[in-house]
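So the structure is just underneath, and the comments pick up after that.
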Amino acid sequence: MVRIKHRYILTEIGFEDEKERRKIDTSKLYWTIRNSIQLHFGDFGMGSLLSSLQVKYWNKETGICIIRCSRDQYQLCWSSLTWVTNMFETNSPVSMRVIHVGGTIKMCLRSALEYDRSSLLLECAKEEEEED
């Protein structure tokens, strides 16, 4: 029996309107990524990624999500993420930025915590500069 290997892609999703972030759920994210793969890579992309594509984690507060895909085709998924400009159904403008690619979901969660911690420290530093 052959073990199926996956990659986990940690992604930050930026919205122009912060209210739109609260309306998004994992199924809309999944369909947005799926439509991007279909648009840019056609049937080949859909056939190679569809069986393993899954949104594992979505945080509405921070705009961070973790996407699972096959190890052989993770670059295809990564490139389709960077081409996403509109969210599925709502057509709200978004931008997706890949932060980390890992072999386990545990390492992606660690990277997400480090990223959130560093962005929070940057915001605190900016507020301190404005007060001075």
Side-chain angles (χ1 to χ4, degrees):
M1 186 102 189
V2 177
R3 186 174 145 231
I4 299 172
K5 297 181 181 177
H6 299 287
R7 286 287 179 253
Y8 296 89
I9 303 173
L10 177 66
T11 308
E12 178 188 33
I13 303 174
F15 291 85
E16 284 187 8
D17 185 14
E18 293 300 318
K19 294 176 187 174
E20 290 293 324
R21 183 188 302 176
R22 307 223 188 283
K23 297 177 186 176
I24 302 301
D25 58 352
T26 55
S27 65
K28 287 182 183 174
L29 283 173
Y30 172 78
W31 281 99
T32 300
I33 298 165
R34 183 179 167 154
N35 288 344
S36 177
I37 293 168
Q38 177 68 41
L39 178 66
H40 295 100
F41 297 105
D43 292 336
F44 170 75
M46 290 296 286
S48 60
L49 275 172
L50 195 59
S51 63
S52 64
L53 186 67
Q54 186 177 13
V55 177
K56 295 297 262 182
Y57 174 76
W58 163 240
N59 189 335
K60 293 179 182 181
E61 301 301 319
T62 60
I64 299 285
C65 75
I66 297 177
I67 300 158
R68 185 189 79 177
C69 61
S70 69
R71 185 179 73 170
D72 296 335
Q73 303 296 329
Y74 83 92
Q75 292 172 335
L76 197 81
C77 184
W78 185 342
S79 62
S80 66
L81 286 174
T82 57
W83 288 331
V84 171
T85 56
N86 292 325
M87 192 54 70
F88 179 71
E89 287 183 352
T90 61
N91 283 332
S92 58
V94 296
S95 64
M96 292 189 172
R97 187 173 70 113
V98 174
I99 299 169
H100 177 79
V101 177
T104 62
I105 198 165
K106 184 178 181 180
M107 289 307 295
C108 279
L109 288 173
R110 280 187 192 167
S111 295
L113 285 173
E114 289 174 16
Y115 179 77
D116 286 340
R117 198 173 291 134
S118 64
S119 62
L120 183 63
L121 288 174
L122 284 174
E123 287 180 23
C124 290
K126 286 180 184 177
E127 288 178 6
E128 286 179 4
E129 287 178 5
E130 290 175 0
E131 289 177 3
D132 292 338

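We count residues from 1, following the sequence as given.
Phe41 and Trp83 have their aromatic ring centers within a separation under 6.0 angstrom.
Side chains of Ser27 and Asp25: a donor on one and an acceptor on the other come within 3.5 Å.
Within a 6.0 Å radius of NZ in Lys60, more than 12 heavy atoms belonging to other residues, nucleotides or ligands are found. The environment of Ile4 atom CD1 is sparse: at most 12 non-hydrogen atoms of other residues, nucleotides or ligands sit within 6.0 angstrom.
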**Message:** Is there a side chain to side chain contact (heavy atoms under 4.5 Å, CB included) between Trp78 and Arg7? Walk through the geometry before answering.
**Reply:** CA-CA 10 Å; Trp78 185 342; Arg7 286 287 179 253; over 6 Å; no
**Prompt:** Would Ile9 and Cys69 count as a side chain to side chain contact (heavy atoms under 4.5 Å, CB included) if you check the C-alpha gap in whole Å, the side-chain angles of each, and the deciding distance to 0.1 Å?
**Reply:** CA-CA 8 Å; Ile9 303 173; Cys69 61; 3.9 Å; yes
**Request:** Before giving the answer on side chain to side chain contact (heavy atoms under 4.5 Å, CB included), spell out for Val101 and Gln75 the whole-Å C-alpha distance, their side-chain angles and the decisive distance to 0.1 Å.
**Result:** CA-CA 10 Å; Val101 177; Gln75 292 172 335; over 6 Å; no
**Worked verdict on Glu18 versus Arg21 for salt bridge (charged side-chain N to carboxylate O under 4.0 Å, His left out)** = CA-CA 5 Å; Glu18 293 300 318; Arg21 183 188 302 176; 2.8 Å; yes
**Request:** For side chain to side chain contact (heavy atoms under 4.5 Å, CB included), just list the numbers for Trp58 and Ile13, CA-CA rounded to whole Å, side-chain angles, deciding distance to a tenth of an Å, and then say yes or no.
**Result:** CA-CA 10 Å; Trp58 163 240; Ile13 303 174; 3.8 Å; yes
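Here the straight-line distance linking atom NE2 of His100 with atom CE of Met107 works out to 5.5 Å at 0.5 Å rounding. The distance from atom OG of Ser80 to atom CG of Leu53, rounded to the nearest 0.5 Å, is 8.0 Å. With values rounded to the nearest 0.5 angstrom, Asn59 atom CG is found 10.0 Å from Cys65 atom SG. Atom CZ of Arg3 sits about 8.5 Å away from atom CZ of Arg71, to the nearest 0.5 Å. In this structure, the separation between OG on Ser51 and CE on Met46 is 10.5 Å, given to the nearest 0.5 Å. If you take OH on Tyr8 and CD on Gln54, they are separated by 8.0 Å, rounding to the nearest 0.5 Å.
Cluster membership check: Val55 does not share its hydrophobic cluster with Leu109, using side-chain heavy-atom separations under 4.5 Å among Ile, Leu, Val, Met, Phe, Trp and Tyr. Linking ILVMFWY residues whenever their side-chain heavy atoms come closer than 4.5 Å, directly or via other members, leaves Leu10 and Val84 in distinct clusters. In this structure, Ile24 is a member of the same hydrophobic cluster as Val98, with clusters built from ILVMFWY side-chain heavy atoms closer than 4.5 Å. Cluster annotation: Leu76 and Met96 are assigned to the same hydrophobic cluster (Ile/Leu/Val/Met/Phe/Trp/Tyr, side-chain heavy-atom contacts under 4.5 Å, transitive). With hydrophobic clusters built from ILVMFWY side chains whose heavy atoms lie under 4.5 angstrom apart, Tyr74 does not share a cluster with Ile66.
Nearest heavy atoms, Cys77 versus Leu49: N-CD1, 3.8 Å. Listed here is the closest heavy atom pair of Lys28 and Lys23: NZ-O, 3.7 Å.
Side chain of Ser36 to backbone of Thr32: no donor-acceptor contact under 3.5 angstrom is found.
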